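All remarks here apply to the structure that follows.
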Number of protein chains: 2
Amino acid sequence: MKSPSQPRDRGIPEATVARLPLYLRALHGMAERGIATVSSEDLAVAAGVNSAKLRKDLSHLGSYGTRGVGYDVEYLVYQISRELGLTQDWAVAIVGVGNLGRALANYGGFVSRGFRVAALVDADPEVVGDTIAGLNVEHIDELEAVIKRRGVSIVVLATPAEAAQEVCERVISVGVTSILNFAPVVLSVPDGVDVRKVDLSIELQILAFHEQRKAGGPLMAVDSQ
Amino acid sequence: MKSPSQPRDRGIPEATVARLPLYLRALHGMAERGIATVSSEDLAVAAGVNSAKLRKDLSHLGSYGTRGVGYDVEYLVYQISRELGLTQDWAVAIVGVGNLGRALANYGGFVSRGFRVAALVDADPEVVGDTIAGLNVEHIDELEAVIKRRGVSIVVLATPAEAAQEVCERVISVGVTSILNFAPVVLSVPDGVDVRKVDLSIELQILAFHEQRKAGGPLMAVDSQ
DNA sequence: ATCCCTTTGTGAACCGGTGCACAAAGTCAC
DNA sequence: GTGACTTTGTGCACCGGTTCACAAAGGGAT
Ligand SMILES: NC(=O)c1ccc[n+]([C@@H]2O[C@H](COP(=O)([O-])OP(=O)(O)OC[C@H]3O[C@@H](n4cnc5c(N)ncnc54)[C@H](O)[C@@H]3O)[C@@H](O)[C@H]2O)c1
Ligand SMILES: NC(=O)c1ccc[n+]([C@@H]2O[C@H](COP(=O)([O-])OP(=O)(O)OC[C@H]3O[C@@H](n4cnc5c(N)ncnc54)[C@H](O)[C@@H]3O)[C@@H](O)[C@H]2O)c1
């Protein structure tokens, strides 16, 4: 009914999108080790998922496997990269160059796959003008100008919580629609803007919850009433 | 049929657990601003969720609201904290004190709610012995001893990817069952061990995917075949 | 060319989670 | 105490995602 190897249905489930980078990483590792072909079973193990799920995920991109054989590693790397938009490079700006912003700026794995730190911006006059990871830190007053000048399309927010919403609004005002937020606040943004948040404190609290369950066992401490 | 204000059913949905920290943060903000009572609607807005979902989430902990009035802020803070296990304090070790490990060690918000950085461990002799955020960096050879001595129950992995699996196994061997992993690898762990991962690169790739969709619009580039 | 073996791609059942919508429960004013 | 009003707690329908299990497809040996 449908010709093989089609780009397919433009509706990839969100859960699938979130796993594609995992497959890509596993595939890169395999390519480095000279593996040419991989079965869904092996790739699934490497990525830490169920093989049926992996096959269904890949089937959303097209029919890129060969029955009885598996998937061609190089080809699949290319297809997933293209689907994720990693064949182009993305200019990223980091706003807030403190502890965290610095770590991110110095992080090499950042650049590795299509992402390029194109600007660092901070409000502190002590920090503005410094060179970090070969990049000049620019003043927050220049925020909009810098974003436009450098063609930034993804902004990483590493400012204190209080500043995050304002910075967020300002970058949106110059057309940014993709934000990665490290500040512990709920950002309010218009439709069409994607915000992903990374929240260390929440992760720890989730771990603590399970840890408590394991430790406390079936019956908890005496304060249960 | 059931008495009011019971600790309830010991099976809280994972999705609910993941949101409790969000509610807690919003509630802390309200408590600071002197708000004594809050409706599910207001709290839901502050936490960025739907109010029905919030009420259902809270109902898993017990019947802590008052119909016609709302929830008592202080009381709810206490109940959620207790449920998450934040009434005790948790000793956290950070293994790998590079760019990221340092940023985490220096991060204040870490300590704020029940979490205490109790140990820093690294393999690099240049780093071992340094004092960071008032803590001495210890040698990786001492890993197991340090974890036992300090009563560490949560380990944060900020080593290079290559070292992560090994460190992981070692901390598990001395009883750690909660790990927060920043290294871009799939850790393989026995049942009963919780691993949560924070993966910046995946977050960026997900943003890039959506950014590409927005930019490319309905019909994509010419290479679509 | 045929048969056997492997592995994909997917139909269908299942499962956890979401959100609507409303009855039950409680407050407050009088 | 009564009635009007507010807000909770939840039954229920729905939805996206997961997993099982298998027919269809392809490769390779003979
Ligand atoms: N460091 C961590 O490990 C960590 C972990 C989780 C979350 N966070 C969050 O990440 C954010 C940054 O953390 P950090 O430890 O780097 O803090 P930090 O205080 O070290 O750095 C914040 C930086 O933002 C700059 N800044 C302040 N206001 C600004 C503005 N309006 N515009 C631009 N820059 C501004 C400051 O000058 C400073 O350099 C915080 O919201 C924090 O809660 C940090
Ligand atoms: N820096 C970031 O922004 C960032 C972002 C995302 C992910 N990561 C990941 O986090 C991890 C740490 O990143 P980083 O930038 O801090 O790297 P880094 O190289 O600055 O730090 C790694 C540290 O781990 C130590 N180490 C190496 N082997 C070790 C071992 N066996 N036991 C204990 N310590 C050991 C090193 O001595 C070094 O101090 C990496 O896996 C990286 O991919 C970092």
Side-chain angles (χ1 to χ4, degrees), chain A residues 1-20 22-23 27 30 35-73 75-76 79-80 83 206 210, chain B residues 1-20 22-23 27 30 35-73 75-76 79-80 83 206 210:
Chain A
M1 190 51 72
K2 68 177 191 309
S3 62
S5 294
Q6 276 221 340
R8 298 291 292 280
D9 181 12
R10 241 77 273 269
I12 297 182
E14 199 49 40
T16 295
V17 173
R19 281 187 297 267
L20 291 179
L22 231 49
Y23 304 153
L27 286 165
M30 289 171 172
I35 297 171
T37 273
V38 67
S39 70
S40 64
E41 183 56 36
D42 291 354
L43 182 53
V45 169
V49 305
N50 173 303
S51 73
K53 180 151 54 179
L54 179 126
R55 288 197 298 280
K56 186 152 286 183
D57 282 343
L58 295 184
S59 80
H60 287 113
L61 320 190
S63 249
Y64 297 143
T66 308
R67 293 170 190 234
V69 176
Y71 300 88
D72 182 275
V73 173
Y75 186 58
L76 199 50
Q79 290 300 343
I80 296 179
E83 196 63 54
I206 296 171
H210 293 295
Chain B
M1 190 53 71
K2 66 176 195 311
S3 62
S5 296
Q6 275 220 338
R8 298 292 290 281
D9 182 14
R10 240 74 280 262
I12 297 182
E14 199 50 39
T16 296
V17 173
R19 282 187 296 266
L20 290 179
L22 232 50
Y23 304 154
L27 286 165
M30 289 170 173
I35 298 172
T37 274
V38 67
S39 71
S40 63
E41 184 55 39
D42 291 353
L43 182 52
V45 168
V49 304
N50 172 305
S51 72
K53 180 151 54 179
L54 178 127
R55 287 197 299 277
K56 188 155 287 185
D57 283 341
L58 295 184
S59 79
H60 287 113
L61 320 188
S63 249
Y64 297 144
T66 306
R67 292 170 192 235
V69 176
Y71 300 88
D72 181 275
V73 173
Y75 186 59
L76 198 51
Q79 291 299 343
I80 296 179
E83 198 62 54
I206 296 172
H210 292 295

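Chain A is the first sequence line, chain B the second, and so forth, proteins listed ahead of strands; every chain is numbered from 1. Because the structure is a prediction, the values reported are computed rather than measured.
- In plain terms, the two heavy atoms of A/Ser40 and A/Ser51 that are nearest each other are O-CB, 3.9 Å.
- If you find the closest nucleotide of DNA chain D to A/Glu14 and to B/Val38, the one lying nearer the 5' end belongs to B/Val38.
- Take the nearest nucleotide of DNA chain C for B/Asp57 and for A/Gly70: the residue whose nucleotide is more 5' is A/Gly70.
- The base of C/dT8 sits within donor-acceptor range of the side chain of A/Arg67, with an N or O pair under 3.5 Å.
- Taking atom CG of B/Asp72 as the reference point, atom P of D/dT7 lies 15 Å away to the nearest angstrom.
- Closest approach to the A/Arg55 side chain among D/dG17, C/dT10, C/dA21 is made by C/dT10 (side chain taken as heavy atoms from C-beta onward).
- No side-chain heavy atom of B/Thr66 sits under 4.5 Å from any side-chain heavy atom of B/Thr37.
- Base engagement by B/Ala52 is indicated by at least one non-hydrogen atom pair under 4.0 Å involving a base atom.
- Of the candidates D/dA24, D/dT10, C/dC20, the closest approach to any side-chain atom of B/Asn50 belongs to C/dC20.
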Apply side-chain contact (heavy atoms from CB on, under 4.5 Å) to A/His60 and A/Glu83, showing your working.
CA-CA 10 Å; A/His60 287 113; A/Glu83 196 63 54; over 6 Å; no

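- The CZ-P distance, from B/Arg19 to C/dG17, rounds to 8 Å in whole Å.
- Look at A/Ser40 and you won't find any side-chain N or O under 4.0 angstrom from OP1 or OP2 of C/dT7.
- Out of D/dA23, C/dT27, D/dT8, the shortest distance to the side chain of B/Ser39 is found at D/dT8.
- Of the candidate nucleotides C/dC20, D/dT8, D/dG11, D/dG11 has the atom nearest to the side chain of B/Lys56.
- Counting heavy atoms from C-beta outward, B/Leu76 and B/Leu43 have side chains that approach closer than 4.5 Å.
- Of the candidates A/Leu58, A/Asp57, A/Leu54, A/Asp57 is the only one forming a side chain to side chain contact (heavy atoms under 4.5 Å, CB included) with A/Thr16.
- The nucleotide whose nearest atom lies closest to any side-chain atom of A/Lys53 is, among C/dC22, C/dG9, D/dT18, D/dT18.
- Note on B/Thr66: every side-chain N or O is 4.0 Å or more away from OP1 and OP2 of C/dG26.
- In this model, the phosphate group of C/dG9 is approached by a side-chain N or O of A/Tyr71 to a distance below 4.0 Å at OP1 or OP2.
- A/Leu58 has its CG atom 13 Å from the C1' atom of C/dT7, to the nearest Å.
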